> 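First the structure, which I've put down as structure tokens, then a few questions once you've had a look.
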Amino acid sequence: MPRTNFEVAAALHELADLLQINGGDRFRTLAYRRAGDAVRGLGRDVSTMTGAELNAVHGIGKATAGKVMELLQSGTIALLEELRAKYPAGVLEMTRLSGLGPKKALALHDALGVGTLEELEVALKAGRLRDLKGFGAKSEENLLRALATHSREERRILLGDALVVAEEMLEGLRTIPGVERASYAGSLRRMRDTIGDLDLLAAAFNPREVVEAFGGLPNIGRVLGAGPTKCSVLTRNGLQVDLRVVAPEEFGSALQYFTGSKAHNVKVREHAVRSGLKLSEYGLFRAGERIAGSTEEEVYGALGMQTPPAPMREDRGEVELALRGALPSLVSVGDLRGDLQSHSVYSDGRRTIREMALAAAAKGYEYFAITDHGRNLSIVRNLSLEDIERQRAEVKALNEELAGRIVVLHGLEANIGMEGELDYADEVLAGFDVVVASLHHQLRGEREVMTRRVLRAIENPHVHVLGHPTGRMMPRRPGSDLDMEAVCRAALAHGVALEINANPRRLDLKDDHAFLARQMGCLFAISTDAHSPRELDLMRFGVATAQRGWVEAKDVVNTWPLEKLRRFLAKSPVSS
DNA sequence: GCCGTTTTCGGCCCGACTGTTTTCAGTCG
């Protein structure tokens with residue numbers, strides 16, 4: 001039975017797609033698609049919601065709420081089944097081909113009886129499309145190519161990898177004569193955990209020359225296409241990059257447009273229309289006259305709203321808040337005073353505690369926790385009871401040596417066992433300054449089982465932080481199926497902070513979960529889980545994920561001064 | 001189907017490109 005937000009959203013999107021093929025009212029189609037987006041970005045678990053609660057969500061009306069309830073209770077939607085019976089799955093799949101939308105896919109189905117990708121290929125090769133109205137030799141060629149590329153599975157790359165490439169390319173772009181400003185846009189600027197392709201934007205008066213010079217930058221593998229103001233290229237490692245060059249007075253509106261998300265843009269443009277204005281990538285216009293465009297702040301300002309930070313732009317209510325001047329003040333990298341998860345040579349880290357501490361001090365941190373693995377994580381070197389004593393002495397000596405520069409906290413990353421038990425007896429756990437409890441093995445259990453394990457760990461009075469809560473590891477390992485609302489409730493009740501692990505392969509809590517936890521009033525720790533000094537720099541990815549969840553600095557325990565953090569670690573009341 | 005500092009009815013974002021046409025529908029982002 002479907003229960004995850006992802007599955008419900010997928011069903012609504014499929015319903016929208018099939019209705020579109022069916023040729024119904026296109027706004028009805030749009031409504032289901034928006035409702036699907038709303039479910040996906042819900043933050044809370046849709047299967048725990050009542051019909052009335054669903055109906056209260058913006059973009060979900062009475063009819064859609066009814067369909068979702070039907071899906072949750074019966075396992076499917078009658079209308080969806082009806083449409084599935086009417087159109088072979090292949091028709092829907094055909095619309096995934098680049099250049100083939102619902103209208104043409106249906107035309108192929110009706111005129112030629114084509115109902116699968118294989119049948120389409122046969123028809124194409126037999127030249128049966130050529131004489132069909134609306135198709136020609138060119139469509140034939142394009143569809144054959146689309147079929148060939150379709151079989152390669154969709155590739156998205158990790159945020160961390162994409163950002164490195166983007167910054168490299170921006171650096172190159174800025175050296176091109178005539179380029180006044182340049183930025184990356186799209187899902188990368190919104191800091192999504194994975195990125196499809198890179199969108200770059202430049203401001204210049206000589207777009208043609210810029211486009212040409214861009215194609216010659218060192219890390220470009222192949223130019224896919226180029227026009228007077230834009231081009232698409234493949235980098236040497238196969239990432240597609242789209243560059244668009246605009247006039248400087250259009251840069252802000254273009255950046256706003258290309259940053260998205262699409263849903264955010266639609267919402268903003270609707271507001272513009274209601275205000276008698278027109279917003280496009282070329283600027284904000286009143287009666288054909290540009291009234292804003294050179295910066296995003298100018299554009300949003302002229303619309304009477306605050307500028308939402310890019311990670312918030314997912315149409316989760318940020319437009320409404322920005323219009324009321326009520327955007328939250330999101331946590332930023334500069335707010336952090338320390339890192340609460342890291343590893344040394346005592347477990348699977350690559351450097352000594354001293355080396356790690358010095359690197360943390362160089363970042364300007366006030367405190368820093370070393371949290372090597374406990375003894376039940378047998379796949380890596382871990383802490384024996386003797387190790388713990390040696391480590392404690394080492395930390396004490398280090399704190400004397402580094403007094404005034406940084407405070408080292410003696411921590412542990414405890415492993416959550418099959419029954420929620422941790423590595424050591426209570427009196428051993430009590431000896432650490434900070435205990436992070438994390439799942440590392442047997443992550444694929446049933447939701448009830450996994451949730452029970454995590455809840456037991458949270459209830460342990462010596463645990464301060466729940467580390468990388470779901471254990472996901474992108475791109476392959478999806479993470480445990482947890483009742484995240486129950487986890488948040490327990491964390492709140494027991495004074496446990498939820499980690500937002502900043503490693504780009506984890507980003508766990510992920511954005512949606514952080515959004516939910518923030519709504520429920522939870523506390524967070526944003527930690528790098530660094531295994532080397534360099535990995536301390538990963539912090540910005542954790543912060544970006546927190547921002548996507550609308551997390552504020554006051555909710556993040558490692559933005560607090562050491563004294564306040566110590567009260568939290570002592571499980572004493574923390575005044576704000 | 002959804003929604004409301006113009007609206008409980010009548011609207012629903014904007015522009016570019018492509019391939020097929022001969023003025024435009026479909027697709028995409």
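Below, chain A is the first sequence line, B the second, and so on; all start at residue 1. Because the structure is predicted, anything quoted here is derived from the model rather than measured.
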> Keeping the roles fixed (side chain from A:Q306, backbone from A:L327), state whether a donor-acceptor pair exists under 3.5 Å.
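Here the side-chain-to-backbone pair exists.
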> Among B:dC2, B:dC14, B:dC12, which nucleotide sits nearest the side chain of A:T64?
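Given the options B:dC2, B:dC14, B:dC12, the side chain of A:T64 is closest to B:dC2.
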> Quantified in whole Å, what is the C1' atom distance between nucleotide B:dT18 and nucleotide B:dG10?
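Those two atoms are separated by 33 Å.
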> Rounded to the nearest Å, what distance is computed from the NE2 atom of residue A:H58 to the P atom of nucleotide B:dG1?
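To the nearest whole Å, that distance equals 17 Å.
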> Can you tell me, in whole Å, how much space there is between the C1' of B:dT8 and that of B:dC13?
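Result for the C1' pair: 23 Å, nearest Å.
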> Counting N and O atoms only, with roles assigned by atom type, does the side chain of A:N206 sit under 3.5 Å from a partner on the main chain of A:E209, one being a donor and the other an acceptor?
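Absent.
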> Give a yes or no answer on whether the side chain of A:E318 reaches the backbone of A:D315 with a donor-acceptor pair at less than 3.5 Å.
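Checked: pair present.
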> When the C1' atoms of B:dC2 and B:dT7 are considered, how many whole Å apart are they?
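Comparing C1' positions in B:dC2 and B:dT7 gives a spacing of 13 Å.
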> If I take atom OH in residue A:Y32 and atom P in nucleotide B:dC3, what distance separates them, rounded to the nearest angstrom?
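Value for this atom pair: 13 Å.
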> Using the P atom in both, what is the distance from B:dT20 to B:dG15, to the nearest Å?
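26 Å, rounded to whole Å.
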> Is the terminal nitrogen or CZ of A:R316 (NZ for Lys, CZ for Arg) located under 6.0 angstrom from the six-membered ring centre of A:F515 and within 45° of that ring's axis?
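Yes, A:R316 lies over the aromatic ring of A:F515.
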> Just the rounded figure in Å: distance from P of B:dC14 to CG of A:L30.
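Value for this atom pair: 13 Å.
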> In whole Å, what is the span from the CG atom of A:D37 to the P atom of B:dC2?
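Nearest whole value for this atom pair: 14 Å.
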> Can you tell me the distance, in whole Å, between the CZ atom of A:R33 and the P atom of B:dC2?
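Computing the A:R33:CZ to B:dC2:P distance gives 15 Å.
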> Cut-off 3.5 Å, no hydrogens considered: what does the side-chain donor-acceptor table look like for residues 278-286 of chain A, sequence neighbours left out?
{"unit_1": "A:S280", "atom_1": "OG", "unit_2": "A:Y282", "atom_2": "N", "d": "3.1"}
{"unit_1": "A:Y282", "atom_1": "OH", "unit_2": "A:R244", "atom_2": "NH2", "d": "3.1"}

> Please report the distance separating the C1' of B:dT6 from the corresponding atom of B:dC12, rounded so that it comes out in whole Å.
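So the two C1' atoms sit 15 Å from each other.
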> Rounded to the Å, how far apart are A:N265 CG and B:dC12 P?
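Result: 18 Å.
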> Using the salt bridge (Lys or Arg N to Asp or Glu O under 4.0 Å) criterion, which residues pair with A:E167? Sequence neighbours excluded.
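A:R540.
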> Would you classify A:F27 as touching base, sugar-phosphate or nothing, given that sugar-phosphate means primed atoms plus P, OP1 and OP2, and contacts are heavy atoms under 4.0 Å?
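The residue A:F27 makes base contact.
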> Within the structure, does a side-chain N or O atom of A:R34 lie under 4.0 Å from either OP1 or OP2 of B:dC13?
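So the side-chain polar atoms of A:R34 do come within 4.0 Å of the phosphate oxygens OP1 or OP2 of B:dC13, strictly under.
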> Using atom C1' in both nucleotides, what's the gap between B:dA16 and B:dC9 to the nearest angstrom?
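Here B:dA16 and B:dC9 have their C1' atoms 33 Å from each other.
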> Show me the side-chain donor-acceptor pairs of residues 23-35 of chain A shorter than 3.5 Å, one per line, residues at least two apart or across chains.
{"unit_1": "A:D25", "atom_1": "OD1", "unit_2": "A:F27", "atom_2": "N", "d": "3.1"}
{"unit_1": "A:T29", "atom_1": "OG1", "unit_2": "A:D25", "atom_2": "O", "d": "3.4"}
{"unit_1": "A:R33", "atom_1": "NH2", "unit_2": "A:D17", "atom_2": "OD1", "d": "2.6"}
{"unit_1": "A:R33", "atom_1": "NH2", "unit_2": "A:Q20", "atom_2": "OE1", "d": "3.2"}
{"unit_1": "A:R34", "atom_1": "NH2", "unit_2": "A:E270", "atom_2": "OE2", "d": "3.1"}

> List the residues meeting side-chain contact (heavy atoms from CB on, under 4.5 Å) with A:T194, not counting sequence neighbours, and say none if there are none.
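Once residues adjacent in sequence are excluded, the partners of A:T194 under the side-chain contact (heavy atoms from CB on, under 4.5 Å) criterion are A:R156, A:L158, A:M474.
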> Can you build the contact string for nucleotides 18-29 of chain B? Use B for base contact, S for sugar-phosphate-only contact, and - for no protein heavy atom under 4.0 Å.
-SS-----SSSB
> Kindly indicate whether the side chain of A:K230, heavy atoms from C-beta on, has any atom under 4.5 Å from the side chain of A:V211.
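They are not in contact (no side-chain heavy atoms under 4.5 Å apart), so the answer is no.
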> Pick base, sugar-phosphate or nothing for A:K267, based on heavy-atom distances below 4.0 Å to the nucleic acid.
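A:K267: no heavy atom of the nucleic acid under 4.0 Å.
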> What integer number of Å spans the P atoms of B:dT21 and B:dT27?
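Between the two P atoms, the distance is 15 Å.
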> Is a side-chain N or O of A:S275 found less than 3.5 angstrom from the main chain of A:H271, in a donor-acceptor match?
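Yes.
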> Using atom P of each nucleotide, how far apart are B:dG11 and B:dG19 to the nearest Å?
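Pairwise P distance, B:dG11 against B:dG19, rounds to 35 Å.
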> Which part of the nucleic acid does A:G260 contact within heavy-atom distance under 4.0 Å: base, sugar-phosphate only, or nothing?
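It contacts nothing in the nucleic acid.
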> Measure CZ/A:R244 against P/B:dC17 and give the value in whole Å, please.
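For the pair A:R244 CZ and B:dC17 P, the rounded distance is 8 Å.
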> With both distances under 3.5 angstrom, what nucleotide forms a Watson-Crick or G-U wobble pair with B:dT8?
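Partner of B:dT8: none.
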> Between protein and nucleotides 6-10 of chain B, what N or O pairs are separated by less than 3.5 Å?
none

> Decide yes or no for A:E485 and A:D483: does some side-chain heavy atom of the first lie under 4.5 Å from some side-chain heavy atom of the second?
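Yes, close enough: below the 4.5 Å cut-off.
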> Between A:A65 and A:Y282, name the one whose nearest nucleotide on DNA chain B is closer to the 5' end.
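Taking each residue's closest nucleotide, the earlier one in sequence belongs to A:A65.
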> A:K62 has an atom NZ; how far is it from atom P of B:dC2, in whole Å?
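Distance check: A:K62 NZ to B:dC2 P gives 10 Å.
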